[in-house]
Structures are given as structure tokens and as C-alpha cells.
A.B. asks: 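I have a structure here, written as C-alpha cells, and I will follow up with some questions on it.
Computed from a predicted structure; not experimentally measured.
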Amino acid sequence: MRALVDARDDSLSDPDAGKKLLAAARAELDSADLLLDFEKHRRMPLGSHVTAAQIHLSAARLLWVKSFLSSPEAIKPYLPSLLAVVKEHLPSGDERRKSVENVRRVDSLSDIDVVMITEAVEAAQAVSLREQLRAKSFVRIVWVVAGFLFVLAVSICTLSALWPEVVPLCFNPTKSAEALSAAEKQGAKSPVMYEVVCPTGSDPLPSSPDVDVNLEKTAIRRDYFVVEVAGLVAAGLASASALRKIRGTATPYGVPVALAALKLPAGALTAVGGLLLMRGGFVPGLSALDSSAQIIAWAIIFGYSQELFTKFVDQRGQAVLEDVRGPGDPPPGARRRGDSPSGSGPRSQAATIT
């Protein structure tokens, strides 16, 4: 862009009004360089820096286009590139896009034609900025929700460690005939016909006739922690599997990373919630797991099942990525319709002025 500004400046005479516009364009480019030079301002590189730099670059491009008001014919070599920028972000029915397409067919250009080109490019850049800001807002919301779920998972784990007997993740399956006969041979007696099984321990011979007392005695501080870790590992595997479905993007905001981070605490919470539902008899026939291994296995299954809830967020994230277009991408709406990009070589054309 700076080279185009310098070339245009060299082609103008000193009293030409376009030189002031080009000087302003250079100032915008300097501001963009300053934002991206992190060695000077010593701030952490953020996506907002890139977006702000793109705003300055867009302003420089508009000033460069306006400099052709004094000599409209000189803009003809750049019309394919400008039209490619407009097509990237404006739909085919947009009147401003149609005006640029019509200008390209005109033999002689006037200052009115340059004004129409400027308006179309400005509108395309405004749409591009809205796409970037929409992606930024979506990522921020996902990170806030992921942080809240993480704090919730840590709080549950901490509270269960302090008071493990309040809501134990334990089950009381009925003893098998083999276990009863083995206990009788050893002379061990229990007032109940069941055993207590927890994620990290078990009691084959409960000593109290009260089931709640037996569950409280067997529950261990680390039960919730182990279950949440199992759910988190399963959610991590689900995140890795889901990333293959996410299309990459040139935006500075990590939409796939935010979506993957959301799944981790969600998996830990669904593992705990699923086991509590099973313990409450919500799932018929699965209210009495027989061993600690079965409890951990079901925690993994429930941790992976967070996909049932986060898949809608994944779909929204994919839609946000598709809305952020760049050089060579299909025009608005074409990707969802399955159309192919129109025109030949828009990537190389748009690269001329970007």
C-alpha cells in the first residue's frame, strides 16, 4: 500500500490537491506500522492491535482512491483490484457493487465515477470491519463462559474435598451370590445386602443399616477430583477431534482455540452431573455401578458427551469464521449455497492494493 501511495504521489504535480490526501494516507500507514511494531510500544500482541492496524490501512486505501478525483483515468489499472475488494464483502445485489461493475465497462471515467468507487470500497471495508468485530465479540463471550465453567468446576472440586460426605459420588450395588458366600466363609458379617462403591474406593461390608451413613463413610476427598479429571481428559479428546471440522481463518482472534477451551470445563462438569443423575436413578437400570472402574468409565463417557451441548457453539463458531472473508474467498452467501467464487484470480487481483 505504501508503494502505491508513493507511486501516485510521484505522478502528481506539486499544486495538486491529491498530495494532501496522500500525505494523510502516509500518516495512516505510519499509525498502522506503529501499532504492529511491538518493540516500540512494548505491549502484549493482541488481536485488537491487528484490527486497529487494519482500520488505519483501510483509511489509507480510501485516501489513496480519493486522490484520483483530479485524474479519474489514472485509476483504470487498479479497477480489477478494487472490484475484487468490493466483491469480497458486498453481495451481488448491492447497488454500490453494481456501480463499480458498471464503471469498469465505461470507456472514459469522471470524478463522479471515482466517488462511486470510493463509496463502494468504503462500504466493503465497513462490512469487513463488522465481520472482524463480530468474531472478536464471539471469542470474548466464549472465553468468559469457559472461564465461568472453569471456576464452577474448581469450586465444586474444592467444596467436595472439604465436605466429601455432603453429596458423595458413590453407589450401593447389591452383592452377588459369590460375594455373599465368600463373606460367610470368612466370618464377616454386614447388616445390609449391598456394598458401597466410590470413584476411588469401596466398602464391601458396610457396617450401618443406614445407606446414607455408609455412603458418607466410604466417600473420599479426591472422588470429585478424579471424576472431573476423567471428564476433562475425555473433553480434551473431543476438542482435538472437533478441530478437524473447523476451517482456518486469517483473523487475529482464535475462534477454534476458544471453542476447544470451552469444552474442557464443560467435560468436567458433565462427568459430575452425569454420575449424579445415575446415582439419583435418572437412568433406568444404571443406578448401581459395580466397581470404581465402571464409575471412571462412565465419567469418561459423560465427559465426551459434552459435545451434545457444545456442538451448537461449534456451529456458531463455524458460521462466524465463514462470515469473515478475505482475498480469494467466495462472495457473501456463496459458501453456504455451495457456489464457487466467480471471476478469475481474485486473490492475485486483491493482493495488488493490500
Side-chain angles (χ1 to χ4, degrees), residues 149-239 241 263-310:
L149 294 181
F150 177 79
V151 172
L152 182 60
V154 172
S155 300
I156 292 175
C157 189
T158 303
L159 293 175
S160 65
L162 295 175
W163 299 285
E165 71 281 357
V166 176
V167 187
L169 285 176
C170 301
F171 297 84
N172 55 329
T174 303
K175 293 179 181 179
S176 62
E178 293 80 2
L180 289 174
S181 61
E184 290 177 357
K185 290 179 180 180
Q186 295 176 0
K189 294 182 179 181
S190 175
V192 293
M193 299 296 294
Y194 60 82
E195 59 181 328
V196 178
V197 179
C198 297
T200 58
S202 62
D203 185 3
L205 298 171
S207 59
S208 174
D210 190 341
V211 62
D212 291 332
V213 173
N214 293 327
L215 294 177
E216 291 175 2
K217 289 181 178 180
T218 313
I220 306 176
R221 296 179 182 272
R222 60 177 179 270
D223 284 347
Y224 272 81
F225 175 76
V226 172
V227 169
E228 287 193 2
V229 169
L232 186 128
V233 171
L237 295 176
S239 300
S241 176
K263 295 177 184 293
L264 299 181
L269 292 174
T270 53
V272 172
L275 289 176
L276 289 176
L277 290 176
M278 292 182 67
R279 183 176 178 272
F282 185 80
V283 182
L286 292 175
S287 58
L289 301 182
D290 298 331
S291 64
S292 299
Q294 286 188 10
I295 297 177
I296 300 302
W298 276 103
I300 294 175
I301 293 174
F302 284 126
Y304 198 94
S305 67
Q306 49 77 34
E307 286 287 313
L308 297 175
F309 306 99
T310 58

A.B. asks: Over all heavy atoms of both residues, which pair between N214 and T218 is shortest? Give the atoms and the distance, please.
C.D. replies: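 The answer is O-OG1, 2.8 Å.
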A.B. asks: Within this structure, what is the CD-SG distance for the pair E165 and C170, rounded to the nearest 0.5 Å?
C.D. replies: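 Interatomic distance, E165 CD to C170 SG, rounded to 0.5 Å: 11.5 Å.
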A.B. asks: State which residue, out of I295, I296, I301, fulfils the side-chain contact (heavy atoms from CB on, under 4.5 Å) condition with W298.
C.D. replies: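 Only one of I295, I296, I301 forms a side-chain contact (heavy atoms from CB on, under 4.5 Å) with W298, namely I301.
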A.B. asks: Counting C-beta onward and ignoring hydrogens, is there a side-chain heavy-atom pair between V196 and L215 closer than 4.5 Å?
C.D. replies: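 Answer yes - side chains close enough.
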A.B. asks: Sequence neighbours left out, cut at 3.5 Å: what donor-acceptor pairs do the side chains of residues 268-278 make with other protein atoms?
C.D. replies:
from : atom 1 : to   : atom 2 : distance (Å)
T270 : OG1    : A266 : O      : 3.0
T270 : OG1    : G267 : O      : 3.0
T270 : OG1    : F302 : O      : 2.9

A.B. asks: Check whether R279 reaches the backbone of F171 with its side chain - one donor and one acceptor, N or O, closer than 3.5 Å.
C.D. replies: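 Here the side-chain-to-backbone pair does not exist.
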A.B. asks: Would you call V197 and S292 a side-chain contact if the rule is heavy atoms closer than 4.5 Å?
C.D. replies: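 Of all side-chain heavy-atom pairs linking S292 with V197, at least one is under 4.5 Å.
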A.B. asks: Show the atom names and distances, to 0.1 Å, of all donor-acceptor pairs under 3.5 Å that link a side chain in residues 150-162 to residues at least two apart or in another chain.
C.D. replies:
from : atom 1 : to   : atom 2 : distance (Å)
S155 : OG     : V151 : O      : 2.7
T158 : OG1    : V154 : O      : 2.8
S160 : OG     : I156 : O      : 3.1
S160 : OG     : C157 : O      : 2.9

A.B. asks: Got a second to check how far F309's CZ is from K263's NZ, nearest 0.5 Å?
C.D. replies: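 Output value for this atom pair is 12.0 Å.
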A.B. asks: Of all heavy-atom pairs between G303 and A234, which one has the smallest distance, and what is that distance?
C.D. replies: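 Where G303 meets A234 most closely, the heavy atoms are C-CB, 3.9 Å.
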A.B. asks: Output all residues satisfying side chain to side chain donor-acceptor pair (under 3.5 Å) with Q306, sequence neighbours left out; order by chain, then residue number.
C.D. replies: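 Applying side chain to side chain donor-acceptor pair (under 3.5 Å) to Q306 gives T310.
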A.B. asks: Rounded to the nearest 0.5 Å, what separates atom CZ in R221 from atom OG1 in T200?
C.D. replies: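 If we round to the nearest 0.5 Å, R221:CZ and T200:OG1 are 12.0 Å apart.
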A.B. asks: Roughly how far, to the nearest 0.5 Å, is CD1 of I300 from OG of S305?
C.D. replies: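 It comes to 12.0 Å.
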A.B. asks: Rounded to the nearest 0.5 Å, what's the gap from CG on L232 to CG on L264? Could you check?
C.D. replies: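 Rounded to the nearest 0.5 Å, the CG-CG separation comes to 5.0 Å.
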